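Worksheet for the structure shown next.
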Amino acid sequence: MNSGAESSQIAIQKDKRLFERIRQGDQRALAEIYDHRSSLVYSLAFSIVGNVDDSEEVTQEVFLRVWRKAKIFDPKRGSALAWIVTMTRRLAIDRTRSKSYKSQSRSVELFSQIDESVSSKHYSNPTDEMLLRLQTGEVTIALKNLNEKHLEVINLSYYQSMSHSEIAAHLESPLGTVKSRLREAVNHLRNSLNAKVRSND
Amino acid sequence: MIEHKIAYELIEEFVFGTLSQEEHDQVEEHLDSGCEQCAVRYREVSELSAQLGQAVPQKSPASHVKENLLKQILGESEFDSKEVSSKTIWPWVSAVSIAASLLLLFWANSLRNELLQVRDELHQSQGQIARLIQDSSVQKDAAFLLGLPCSWLVDLKGVEPNKDAFAKVVLNPKIDFAVAYVYRMPPSPADREYQLWIELDGQPVSVGVFKVGQDGQALLKLQSISDPMSIQSFQVTIEPKGGLAKPSGMQYLTGMNAMPAMPSMH
(Lines give C-alpha, C1' and ligand atoms only; values in the text may rest on other atoms or scores of the structure.)
Protein backbone atom coordinates (compact mmCIF):
# COMPACT_ATOMS: atom_id res chain seq x y z
CA MET A 1 0.00 0.00 0.00
CA ASN A 2 1.47 3.37 -0.98
CA SER A 3 1.61 6.27 1.49
CA GLY A 4 -1.35 8.03 -0.13
CA ALA A 5 -3.56 4.96 0.15
CA GLU A 6 -2.31 4.36 3.67
CA SER A 7 -3.13 7.86 4.89
CA SER A 8 -6.48 7.59 3.13
CA GLN A 9 -7.24 4.38 5.05
CA ILE A 10 -6.22 6.03 8.33
CA ALA A 11 -8.53 8.96 7.58
CA ILE A 12 -11.40 6.60 6.79
CA GLN A 13 -10.88 4.72 10.05
CA LYS A 14 -10.87 8.04 11.88
CA ASP A 15 -14.21 8.97 10.25
CA LYS A 16 -15.62 5.62 11.33
CA ARG A 17 -14.60 6.09 14.96
CA LEU A 18 -15.94 9.64 15.01
CA PHE A 19 -19.26 8.51 13.53
CA GLU A 20 -19.61 5.92 16.28
CA ARG A 21 -19.13 8.67 18.90
CA ILE A 22 -21.54 11.02 17.10
CA ARG A 23 -24.18 8.29 17.16
CA GLN A 24 -23.86 8.34 20.94
CA GLY A 25 -24.46 12.11 21.01
CA ASP A 26 -20.84 13.17 21.54
CA GLN A 27 -20.70 16.83 20.44
CA ARG A 28 -16.89 16.89 20.57
CA ALA A 29 -16.83 14.12 17.98
CA LEU A 30 -18.87 16.35 15.68
CA ALA A 31 -16.35 19.16 16.26
CA GLU A 32 -13.55 16.74 15.40
CA ILE A 33 -15.11 15.43 12.22
CA TYR A 34 -15.78 19.03 11.27
CA ASP A 35 -12.07 19.80 11.70
CA HIS A 36 -11.25 16.69 9.73
CA ARG A 37 -13.58 17.14 6.78
CA SER A 38 -14.85 20.74 6.64
CA SER A 39 -12.20 21.91 4.15
CA LEU A 40 -13.23 19.17 1.74
CA VAL A 41 -16.95 19.91 2.17
CA TYR A 42 -16.48 23.66 1.90
CA SER A 43 -14.16 23.43 -1.14
CA LEU A 44 -16.45 21.03 -2.93
CA ALA A 45 -19.48 23.24 -2.20
CA PHE A 46 -17.54 26.31 -3.34
CA SER A 47 -16.57 24.60 -6.61
CA ILE A 48 -20.31 24.13 -7.28
CA VAL A 49 -22.02 27.25 -5.91
CA GLY A 50 -19.11 29.65 -6.48
CA ASN A 51 -19.62 31.98 -3.54
CA VAL A 52 -18.65 32.12 0.14
CA ASP A 53 -22.08 32.59 1.75
CA ASP A 54 -23.76 29.64 0.01
CA SER A 55 -20.67 27.46 0.53
CA GLU A 56 -20.72 28.22 4.25
CA GLU A 57 -24.43 27.45 4.50
CA VAL A 58 -23.99 24.16 2.64
CA THR A 59 -21.08 23.26 4.93
CA GLN A 60 -23.13 23.97 8.05
CA GLU A 61 -26.11 22.02 6.68
CA VAL A 62 -23.96 19.00 5.79
CA PHE A 63 -22.56 18.72 9.32
CA LEU A 64 -25.98 19.33 10.86
CA ARG A 65 -27.21 16.35 8.86
CA VAL A 66 -24.22 14.33 9.98
CA TRP A 67 -25.26 15.12 13.55
CA ARG A 68 -28.95 14.38 13.01
CA LYS A 69 -28.63 11.37 10.72
CA ALA A 70 -25.51 9.61 12.02
CA LYS A 71 -27.79 7.11 13.78
CA ILE A 72 -29.44 6.06 10.53
CA PHE A 73 -26.24 6.15 8.44
CA ASP A 74 -25.68 2.64 7.07
CA PRO A 75 -21.95 1.80 6.67
CA LYS A 76 -22.91 -1.10 4.41
CA ARG A 77 -23.85 1.47 1.76
CA GLY A 78 -20.36 2.99 1.71
CA SER A 79 -17.88 4.97 3.76
CA ALA A 80 -18.80 8.00 5.85
CA LEU A 81 -16.69 10.14 3.56
CA ALA A 82 -18.58 8.95 0.47
CA TRP A 83 -21.85 9.73 2.25
CA ILE A 84 -20.64 13.21 3.21
CA VAL A 85 -19.42 13.99 -0.32
CA THR A 86 -22.64 12.76 -1.91
CA MET A 87 -24.67 14.87 0.53
CA THR A 88 -22.50 17.92 -0.12
CA ARG A 89 -22.90 17.71 -3.86
CA ARG A 90 -26.65 17.22 -3.59
CA LEU A 91 -27.15 20.19 -1.25
CA ALA A 92 -24.85 22.46 -3.26
CA ILE A 93 -26.50 21.61 -6.59
CA ASP A 94 -29.98 22.03 -5.05
CA ARG A 95 -28.89 25.48 -3.93
CA THR A 96 -27.82 26.49 -7.43
CA ARG A 97 -31.17 25.30 -8.72
CA SER A 98 -33.18 27.11 -6.08
CA LYS A 99 -31.35 30.33 -6.82
CA SER A 100 -31.82 29.87 -10.57
CA TYR A 101 -28.14 29.68 -11.27
CA LYS A 102 -27.32 28.83 -14.84
CA SER A 103 -24.98 26.05 -15.74
CA GLN A 104 -22.89 28.61 -17.61
CA SER A 105 -22.36 30.70 -14.46
CA ARG A 106 -21.42 27.58 -12.49
CA SER A 107 -18.84 26.76 -15.12
CA VAL A 108 -17.39 30.26 -15.11
CA GLU A 109 -17.21 30.48 -11.33
CA LEU A 110 -15.74 27.04 -10.86
CA PHE A 111 -12.45 27.23 -9.02
CA SER A 112 -12.59 31.01 -9.13
CA GLN A 113 -10.33 31.23 -6.10
CA ILE A 114 -7.31 29.84 -7.88
CA ASP A 115 -4.27 31.78 -8.92
CA GLU A 116 -4.96 34.53 -11.43
CA SER A 117 -1.98 33.59 -13.54
CA VAL A 118 -3.70 30.28 -14.19
CA SER A 119 -7.11 31.87 -14.78
CA SER A 120 -5.83 34.40 -17.23
CA LYS A 121 -4.43 31.81 -19.62
CA HIS A 122 -6.51 30.74 -22.55
CA TYR A 123 -7.36 27.09 -22.96
CA SER A 124 -8.82 25.78 -26.15
CA ASN A 125 -10.12 22.72 -24.32
CA PRO A 126 -12.04 23.21 -21.04
CA THR A 127 -10.96 19.79 -19.79
CA ASP A 128 -7.31 20.92 -19.97
CA GLU A 129 -8.27 23.83 -17.75
CA MET A 130 -10.06 21.51 -15.31
CA LEU A 131 -6.99 19.26 -15.08
CA LEU A 132 -4.70 22.17 -14.47
CA ARG A 133 -6.87 23.43 -11.66
CA LEU A 134 -7.17 20.19 -9.77
CA GLN A 135 -4.68 19.48 -7.04
CA THR A 136 -1.93 17.25 -8.27
CA GLY A 137 -2.08 13.66 -7.16
CA GLU A 138 -3.42 10.26 -8.00
CA VAL A 139 -6.79 11.57 -9.16
CA THR A 140 -5.26 13.99 -11.65
CA ILE A 141 -3.02 11.26 -13.00
CA ALA A 142 -6.00 8.93 -13.33
CA LEU A 143 -7.98 11.64 -15.13
CA LYS A 144 -5.10 12.29 -17.50
CA ASN A 145 -5.07 8.61 -18.38
CA LEU A 146 -8.68 8.77 -19.61
CA ASN A 147 -9.30 9.22 -23.29
CA GLU A 148 -10.60 12.60 -24.43
CA LYS A 149 -14.28 11.61 -24.58
CA HIS A 150 -14.30 9.99 -21.15
CA LEU A 151 -12.47 12.94 -19.61
CA GLU A 152 -14.97 15.31 -21.16
CA VAL A 153 -18.03 13.58 -19.66
CA ILE A 154 -16.38 13.33 -16.22
CA ASN A 155 -15.58 17.02 -16.32
CA LEU A 156 -19.10 17.99 -17.36
CA SER A 157 -20.87 15.57 -15.04
CA TYR A 158 -18.75 15.84 -11.90
CA TYR A 159 -16.83 19.10 -12.00
CA GLN A 160 -19.43 21.14 -13.95
CA SER A 161 -22.38 19.37 -12.23
CA MET A 162 -24.36 18.87 -15.43
CA SER A 163 -27.14 16.29 -15.68
CA HIS A 164 -27.06 13.61 -18.39
CA SER A 165 -29.60 15.60 -20.42
CA GLU A 166 -27.59 18.79 -20.12
CA ILE A 167 -24.44 16.97 -21.23
CA ALA A 168 -26.29 15.43 -24.19
CA ALA A 169 -27.50 18.88 -25.25
CA HIS A 170 -24.07 20.42 -24.70
CA LEU A 171 -22.26 17.76 -26.74
CA GLU A 172 -25.11 17.33 -29.21
CA SER A 173 -24.93 13.60 -28.57
CA PRO A 174 -27.72 11.07 -27.90
CA LEU A 175 -28.61 10.65 -24.21
CA GLY A 176 -27.81 6.92 -24.34
CA THR A 177 -24.31 7.66 -25.61
CA VAL A 178 -23.70 10.07 -22.75
CA LYS A 179 -24.90 7.54 -20.18
CA SER A 180 -22.77 4.70 -21.50
CA ARG A 181 -19.73 6.96 -21.93
CA LEU A 182 -20.01 8.20 -18.36
CA ARG A 183 -20.37 4.67 -17.04
CA GLU A 184 -17.26 3.62 -18.95
CA ALA A 185 -15.36 6.66 -17.66
CA VAL A 186 -16.34 5.87 -14.07
CA ASN A 187 -15.22 2.27 -14.50
CA HIS A 188 -11.88 3.31 -16.02
CA LEU A 189 -11.29 5.74 -13.16
CA ARG A 190 -12.16 3.11 -10.58
CA ASN A 191 -9.76 0.64 -12.12
CA SER A 192 -7.08 3.29 -12.36
CA LEU A 193 -7.48 4.45 -8.76
CA ASN A 194 -7.95 0.92 -7.51
CA ALA A 195 -11.02 2.21 -5.71
CA LYS A 196 -12.16 -0.18 -3.07
CA VAL A 197 -15.50 -0.61 -1.47
CA ARG A 198 -14.72 0.45 2.08
CA SER A 199 -18.05 0.02 3.68
CA ASN A 200 -17.01 -3.10 5.52
CA ASP A 201 -13.59 -1.84 6.62
CA MET B 1 -41.69 2.05 -8.04
CA ILE B 2 -38.96 2.73 -10.60
CA GLU B 3 -37.68 -0.26 -12.60
CA HIS B 4 -34.31 -1.72 -11.70
CA LYS B 5 -32.81 -1.05 -15.14
CA ILE B 6 -33.76 2.63 -15.02
CA ALA B 7 -32.56 3.04 -11.43
CA TYR B 8 -29.24 1.39 -12.28
CA GLU B 9 -28.69 3.81 -15.16
CA LEU B 10 -29.31 6.75 -12.86
CA ILE B 11 -26.84 5.77 -10.12
CA GLU B 12 -24.02 8.02 -11.43
CA GLU B 13 -26.33 11.03 -11.54
CA PHE B 14 -27.81 10.09 -8.15
CA VAL B 15 -24.34 10.14 -6.56
CA PHE B 16 -23.14 13.24 -8.43
CA GLY B 17 -26.30 15.05 -7.27
CA THR B 18 -27.63 16.10 -10.66
CA LEU B 19 -30.98 14.26 -10.64
CA SER B 20 -34.28 16.08 -10.24
CA GLN B 21 -35.88 15.72 -6.80
CA GLU B 22 -38.44 13.26 -8.16
CA GLU B 23 -35.84 11.02 -9.80
CA HIS B 24 -33.60 11.28 -6.75
CA ASP B 25 -36.43 10.09 -4.49
CA GLN B 26 -37.25 7.23 -6.87
CA VAL B 27 -33.65 5.97 -6.94
CA GLU B 28 -33.42 6.31 -3.15
CA GLU B 29 -36.60 4.30 -2.77
CA HIS B 30 -35.19 1.63 -5.08
CA LEU B 31 -31.96 1.46 -3.07
CA ASP B 32 -33.96 1.26 0.16
CA SER B 33 -35.87 -1.69 -1.30
CA GLY B 34 -32.67 -3.74 -1.02
CA CYS B 35 -31.55 -4.12 -4.66
CA GLU B 36 -28.08 -5.61 -4.21
CA GLN B 37 -26.85 -4.85 -7.73
CA CYS B 38 -27.71 -1.16 -7.41
CA ALA B 39 -26.26 -1.05 -3.88
CA VAL B 40 -22.93 -2.35 -5.19
CA ARG B 41 -22.91 0.21 -8.01
CA TYR B 42 -23.85 2.97 -5.55
CA ARG B 43 -20.90 2.05 -3.31
CA GLU B 44 -18.51 1.99 -6.28
CA VAL B 45 -19.59 5.36 -7.66
CA SER B 46 -19.85 7.10 -4.29
CA GLU B 47 -16.35 6.01 -3.25
CA LEU B 48 -15.02 7.28 -6.57
CA SER B 49 -16.95 10.53 -6.08
CA ALA B 50 -15.24 10.99 -2.70
CA GLN B 51 -11.84 10.57 -4.37
CA LEU B 52 -12.68 13.02 -7.16
CA GLY B 53 -13.88 15.52 -4.56
CA GLN B 54 -10.57 15.45 -2.74
CA ALA B 55 -8.81 16.69 -5.88
CA VAL B 56 -10.64 20.03 -5.74
CA PRO B 57 -8.33 22.80 -4.40
CA GLN B 58 -8.82 22.84 -0.63
CA LYS B 59 -9.94 25.95 1.22
CA SER B 60 -11.08 26.20 4.83
CA PRO B 61 -14.41 27.74 5.84
CA ALA B 62 -14.43 30.75 8.17
CA SER B 63 -14.38 30.00 11.90
CA HIS B 64 -17.91 31.29 12.48
CA VAL B 65 -19.35 28.37 10.46
CA LYS B 66 -18.19 25.92 13.10
CA GLU B 67 -19.35 28.17 15.91
CA ASN B 68 -22.83 28.45 14.37
CA LEU B 69 -22.98 24.70 13.82
CA LEU B 70 -22.05 23.88 17.41
CA LYS B 71 -24.43 26.54 18.70
CA GLN B 72 -27.24 25.00 16.67
CA ILE B 73 -26.67 21.43 17.87
CA LEU B 74 -26.46 22.64 21.46
CA GLY B 75 -29.71 24.52 20.90
CA GLU B 76 -31.43 21.45 19.50
CA SER B 77 -30.49 19.27 22.42
CA GLU B 78 -31.13 21.72 25.23
CA PHE B 79 -33.63 24.34 24.25
CA ASP B 80 -36.51 22.26 22.87
CA SER B 81 -37.58 20.99 26.25
CA LYS B 82 -37.31 24.39 27.91
CA GLU B 83 -39.21 26.61 25.54
CA VAL B 84 -42.56 27.57 26.97
CA SER B 85 -44.83 29.60 24.79
CA SER B 86 -47.15 32.20 26.22
CA LYS B 87 -49.85 30.56 24.07
CA THR B 88 -50.14 27.84 26.67
CA ILE B 89 -50.98 30.46 29.27
CA TRP B 90 -53.63 32.46 27.42
CA PRO B 91 -56.45 29.84 27.34
CA TRP B 92 -56.63 30.05 31.12
CA VAL B 93 -57.70 33.69 31.00
CA SER B 94 -61.15 33.03 29.62
CA ALA B 95 -62.02 30.81 32.52
CA VAL B 96 -61.55 33.30 35.35
CA SER B 97 -62.91 36.70 36.38
CA ILE B 98 -61.79 40.00 34.85
CA ALA B 99 -59.73 40.85 37.90
CA ALA B 100 -58.10 37.50 37.89
CA SER B 101 -57.47 37.73 34.13
CA LEU B 102 -55.77 41.09 34.57
CA LEU B 103 -53.61 39.55 37.26
CA LEU B 104 -52.95 36.61 35.02
CA LEU B 105 -52.11 38.91 32.12
CA PHE B 106 -49.61 40.72 34.29
CA TRP B 107 -48.17 37.42 35.43
CA ALA B 108 -48.07 36.06 31.88
CA ASN B 109 -46.24 39.14 30.64
CA SER B 110 -43.76 38.91 33.49
CA LEU B 111 -43.26 35.25 32.79
CA ARG B 112 -42.86 35.93 29.08
CA ASN B 113 -40.27 38.63 29.76
CA GLU B 114 -38.49 36.29 32.11
CA LEU B 115 -38.54 33.55 29.48
CA LEU B 116 -37.17 35.91 26.84
CA GLN B 117 -34.39 36.88 29.22
CA VAL B 118 -33.64 33.22 29.94
CA ARG B 119 -33.69 32.54 26.20
CA ASP B 120 -31.16 35.34 25.58
CA GLU B 121 -28.93 34.08 28.38
CA LEU B 122 -29.22 30.54 27.08
CA HIS B 123 -28.37 31.72 23.57
CA GLN B 124 -25.28 33.50 24.87
CA SER B 125 -24.30 30.45 26.92
CA GLN B 126 -24.71 28.25 23.86
CA GLY B 127 -22.36 30.54 21.96
CA GLN B 128 -19.83 30.35 24.76
CA ILE B 129 -20.14 26.57 25.01
CA ALA B 130 -19.77 26.25 21.24
CA ARG B 131 -16.60 28.34 21.33
CA LEU B 132 -15.32 26.34 24.31
CA ILE B 133 -15.90 23.06 22.49
CA GLN B 134 -14.12 24.44 19.45
CA ASP B 135 -11.25 25.87 21.50
CA SER B 136 -10.99 22.63 23.46
CA SER B 137 -10.69 20.67 20.21
CA VAL B 138 -7.95 23.01 18.91
CA GLN B 139 -6.19 23.03 22.30
CA LYS B 140 -6.11 19.25 22.09
CA ASP B 141 -4.45 19.50 18.68
CA ALA B 142 -1.99 22.10 20.01
CA ALA B 143 -1.09 19.86 22.96
CA PHE B 144 -0.62 16.97 20.54
CA LEU B 145 1.72 19.08 18.36
CA LEU B 146 3.68 20.46 21.30
CA GLY B 147 4.16 16.95 22.66
CA LEU B 148 5.79 15.70 19.48
CA PRO B 149 9.55 15.78 18.91
CA CYS B 150 10.73 18.28 16.30
CA SER B 151 7.77 20.68 16.74
CA TRP B 152 8.69 24.35 16.70
CA LEU B 153 7.11 27.75 17.35
CA VAL B 154 7.03 30.68 14.94
CA ASP B 155 6.59 34.20 16.34
CA LEU B 156 4.40 36.62 14.41
CA LYS B 157 4.83 40.26 15.39
CA GLY B 158 2.36 43.14 15.16
CA VAL B 159 2.70 45.71 12.37
CA GLU B 160 2.11 49.46 12.89
CA PRO B 161 -0.28 50.75 14.13
CA ASN B 162 -0.96 47.47 16.02
CA LYS B 163 2.52 46.72 17.26
CA ASP B 164 1.21 45.19 20.51
CA ALA B 165 -0.45 42.35 18.59
CA PHE B 166 1.38 39.06 18.34
CA ALA B 167 0.82 35.39 17.52
CA LYS B 168 2.52 32.06 17.88
CA VAL B 169 2.21 29.21 15.38
CA VAL B 170 3.01 25.61 16.34
CA LEU B 171 4.33 23.44 13.49
CA ASN B 172 5.73 19.98 13.02
CA PRO B 173 7.44 18.67 9.86
CA LYS B 174 5.45 15.43 9.86
CA ILE B 175 1.98 16.82 10.63
CA ASP B 176 -0.31 18.32 8.00
CA PHE B 177 -1.92 20.90 10.28
CA ALA B 178 -0.69 23.68 12.56
CA VAL B 179 -2.19 25.67 15.42
CA ALA B 180 -2.02 29.45 15.84
CA TYR B 181 -2.56 31.49 19.02
CA VAL B 182 -3.35 35.16 18.34
CA TYR B 183 -3.28 37.89 21.01
CA ARG B 184 -3.99 41.63 21.39
CA MET B 185 -5.59 42.04 17.98
CA PRO B 186 -8.30 44.66 17.34
CA PRO B 187 -11.77 43.01 17.26
CA SER B 188 -12.74 42.18 13.68
CA PRO B 189 -15.62 44.23 12.18
CA ALA B 190 -18.88 42.38 11.36
CA ASP B 191 -18.26 42.26 7.61
CA ARG B 192 -14.52 41.55 7.75
CA GLU B 193 -12.32 38.70 8.93
CA TYR B 194 -8.65 38.20 9.48
CA GLN B 195 -6.91 35.89 7.05
CA LEU B 196 -3.72 33.97 7.75
CA TRP B 197 -1.33 33.39 4.85
CA ILE B 198 1.73 31.26 4.39
CA GLU B 199 4.36 32.04 1.78
CA LEU B 200 5.29 29.08 -0.46
CA ASP B 201 7.72 29.56 -3.34
CA GLY B 202 7.29 33.30 -2.94
CA GLN B 203 3.49 33.11 -3.30
CA PRO B 204 0.92 33.74 -0.52
CA VAL B 205 -1.42 30.81 0.18
CA SER B 206 -4.42 31.16 2.48
CA VAL B 207 -4.55 28.75 5.42
CA GLY B 208 -7.56 30.10 7.26
CA VAL B 209 -9.84 33.00 8.11
CA PHE B 210 -10.84 33.92 11.66
CA LYS B 211 -12.64 36.47 13.77
CA VAL B 212 -11.30 38.21 16.86
CA GLY B 213 -13.67 39.12 19.69
CA GLN B 214 -13.50 41.83 22.33
CA ASP B 215 -10.77 39.97 24.21
CA GLY B 216 -8.44 40.43 21.22
CA GLN B 217 -7.64 36.71 21.10
CA ALA B 218 -8.16 33.86 18.68
CA LEU B 219 -7.17 30.25 18.50
CA LEU B 220 -7.27 28.48 15.17
CA LYS B 221 -6.29 25.28 13.47
CA LEU B 222 -4.58 25.64 10.10
CA GLN B 223 -5.63 22.81 7.79
CA SER B 224 -3.84 21.29 4.79
CA ILE B 225 -0.27 22.30 5.66
CA SER B 226 1.25 19.71 3.35
CA ASP B 227 4.90 20.63 3.96
CA PRO B 228 5.54 22.86 7.03
CA MET B 229 9.26 22.97 6.28
CA SER B 230 8.71 24.68 2.94
CA ILE B 231 6.82 27.63 4.48
CA GLN B 232 8.93 30.76 4.13
CA SER B 233 6.88 33.25 6.16
CA PHE B 234 3.47 34.01 7.68
CA GLN B 235 1.29 37.08 7.58
CA VAL B 236 -2.18 38.08 8.77
CA THR B 237 -4.27 40.60 6.85
CA ILE B 238 -7.83 41.89 7.21
CA GLU B 239 -10.09 40.87 4.32
CA PRO B 240 -13.78 40.72 3.34
CA LYS B 241 -15.81 38.00 5.11
CA GLY B 242 -14.78 34.55 3.89
CA GLY B 243 -11.35 35.72 2.77
CA LEU B 244 -9.84 36.26 -0.66
CA ALA B 245 -7.56 34.29 -2.99
CA LYS B 246 -4.74 36.79 -2.45
CA PRO B 247 -4.02 39.29 0.34
CA SER B 248 -5.48 42.72 -0.38
CA GLY B 249 -6.10 44.34 3.00
CA MET B 250 -3.97 45.88 5.71
CA GLN B 251 -1.28 43.69 7.25
CA TYR B 252 -1.56 43.06 11.01
CA LEU B 253 1.00 40.36 11.77
CA THR B 254 4.09 39.03 10.09
CA GLY B 255 6.79 36.48 10.88
CA MET B 256 9.47 34.40 9.21
CA ASN B 257 9.38 30.60 9.54
CA ALA B 258 12.58 30.40 11.58
CA MET B 259 12.75 26.62 11.80
CA PRO B 260 15.23 25.27 14.33
CA ALA B 261 18.04 23.01 13.16
CA MET B 262 16.88 19.40 13.31
CA PRO B 263 19.71 17.00 12.48
CA SER B 264 17.45 13.96 12.77
CA MET B 265 15.38 15.18 9.85
CA HIS B 266 18.30 15.08 7.38
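None of these values were measured; they are calculated from a predicted model. Hydrogens, waters and symmetry mates play no part in the numbers below; they use all other heavy atoms, side chains included. Naming convention: chains lettered A, B, ... in sequence-line order (proteins, then strands); numbering from 1 in each chain.
- Among A:V52, A:V85, A:T59, A:L64, the residue making the largest number of heavy-atom pairs under 4.5 Å with chain B is A:L64.
- Relative ring orientation between A:F73 and A:W83 is described as tilted, the plane-to-plane angle lying within the 30° to 60° band.
- Contact of A:L30 with chain B is made through the side chain alone, with heavy-atom distances under 4.5 Å.
- Only the side chain of B:K140 comes within contact range of chain A, with heavy atoms under 4.5 Å apart.
- For chain A, no part of B:I11 is nearby; none of its heavy atoms comes within less than 4.5 Å.
- Heavy atoms of A:R183 lying under 4.5 Å from chain B belong to its backbone as well as its side chain.
- Residues B:K246 and B:W197 approach most closely at C-CH2, 3.3 Å, considering heavy atoms.
- For residues 167-180 of chain A, the set of pairs meeting the salt bridge (Lys or Arg N to Asp or Glu O under 4.0 Å) definition, not counting sequence neighbours, comprises A:K179-B:E9.
- At a 4.5 Å heavy-atom cutoff, the contact between A:F63 and chain B is made by backbone and side-chain atoms alike.
- Residues meeting the side-chain contact (heavy atoms from CB on, under 4.5 Å) test with A:R17, sequence neighbours left out: A:Q13, A:K14.
- Within the 4.5 angstrom heavy-atom criterion, atoms from both the backbone and the side chain of B:L69 approach chain A.
- Annotation: cation-pi geometry not satisfied between B:K59 and A:Y42 (NZ/CZ under 6.0 angstrom from ring centroid, within 45° of ring axis).
- Of the two parts of B:S206, neither the backbone nor the side chain holds a non-hydrogen atom closer than 4.5 Å to a non-hydrogen atom of chain A.
- Heavy atoms of B:K66 lying under 4.5 Å from chain A belong to its backbone as well as its side chain.
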